[in-house]
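Everything below concerns the one structure shown next.
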Amino acid sequence: MSTRHVLLGLLASGPSHGYDLKRRHDEQFPEARPLAYGQVYTTLQRLVRDGLAEVDGTESDGGPERTAYRATEEGTRELSRWAGEIAPPAPFVTNEIFAKVVVSILSGGDPAAYLRAQRTAHMGRMRELTAVKSAAGAGLATVLSADYALNHLDADLRWMTTTADRLTTLTAEVDAA
């Protein structure tokens, strides 16, 4: 996920302080890794440096100084360009679960036991996400984010089932190599 573009998207609704941007990010992308404040402010500085955002004003209200930022016209064009780009499907499979199955075979481990344990972990996470999206007052962003994660976990589970069914053949192939 492009933090710079997400922050530009949040600035599209109007000027905001870094604190507000971080809070809104965490609300709009509930299943994503929360942004660190340092990441927000570093990204804002880069957006200003690159002409995609500018300082809208500074206020203190008796507390620490708070700087508001807003997207520039160039930033709005960049956001529109990025949002319209098709995200290419991943060209390579870099799946840690697959790597652990192969390494387990290579090292004389028990890949079937690993797949069972991983399945249990996935099922637990799926129960958590289902509870999150089913909670009273869950917003649409929360539901959509949970659905996205659930679908990916479901795909992993289907792959684990297929792989468990093919472990004898996979073990023979890995051992022969």
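Looking at Ser13, its side chain does come within 3.5 Å of a backbone N or O of Leu10 through a donor-acceptor pair. Counting only distance, with no hydrogens or angles, the side chain of Lys22 and the backbone of Leu35 share a donor-acceptor pair below 3.5 Å. With Asp156 contributing its side chain and His122 its backbone, the two residues share no donor-acceptor pair below 3.5 Å. Formation of a donor-acceptor pair under 3.5 Å by the Thr171 side chain with backbone atoms of Leu167 is found in this model.
Applying the under-4.5 Å side-chain rule to Ile, Leu, Val, Met, Phe, Trp and Tyr, the cluster around Leu144 extends to Leu140.
In this view, Arg166 and Thr162 satisfy the side-chain contact (heavy atoms from CB on, under 4.5 Å) rule, not counting sequence neighbours.
Put simply, Leu7 and Tyr19 are part of the same group of oily side chains (I, L, V, M, F, W, Y) that touch within less than 4.5 Å, one to the next. Met160 and Leu170 fall within a single hydrophobic cluster, where Ile, Leu, Val, Met, Phe, Trp and Tyr are joined by side-chain heavy atoms under 4.5 Å apart, directly or via other members. Ile105 and Ile97 fall within a single hydrophobic cluster, where Ile, Leu, Val, Met, Phe, Trp and Tyr are joined by side-chain heavy atoms under 4.5 Å apart, directly or via other members.
Note on ring orientation: taking the six-membered ring where Trp is involved, the planes of Tyr148 and His152 are tilted (angle from 30° to 60°). The aromatic rings of Phe98 and Trp159 sit perpendicular to each other, their planes meeting at more than 60°, with 30° as the lower class boundary.
Put simply, CE on Met126 and CG on Leu157 are 5.5 Å apart, with the number rounded to the nearest 0.5 Å. Here the straight-line distance linking atom OG of Ser134 with atom CZ of Arg127 works out to 13.5 Å at 0.5 Å rounding. Taking CD of Gln28 as the start and OG of Ser145 as the end, the distance is 10.5 Å to the nearest 0.5 Å.
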Take Arg77 and Thr72 through the side-chain hydrogen bond (donor to acceptor under 3.5 Å, both in side chains) test and state the conclusion after the steps. CA-CA 9 Å; Arg77 283 191 301 274; Thr72 62; over 6 Å; no
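Donor-acceptor pairing under 3.5 Å is lacking for the side chains of Ser16 and Arg70. Remark: the Gln118 side chain and the Tyr114 side chain contain an N/O donor-acceptor pair separated by less than 3.5 Å. When only modelled atom types and interatomic distance are considered, Arg66 and Thr58 share no side-chain donor-acceptor pair under 3.5 Å.
Looking at Asp20 and Arg24, no side-chain N of the basic residue comes within less than 4.0 Å of a carboxylate O on the acidic one, giving no salt bridge.
At most 12 heavy atoms of other shown residues, nucleotides or ligands fall within 6.0 angstrom of atom CD in Glu73.
Nearest heavy atoms, Leu11 versus Ala53: CD1-CB, 4.3 Å.
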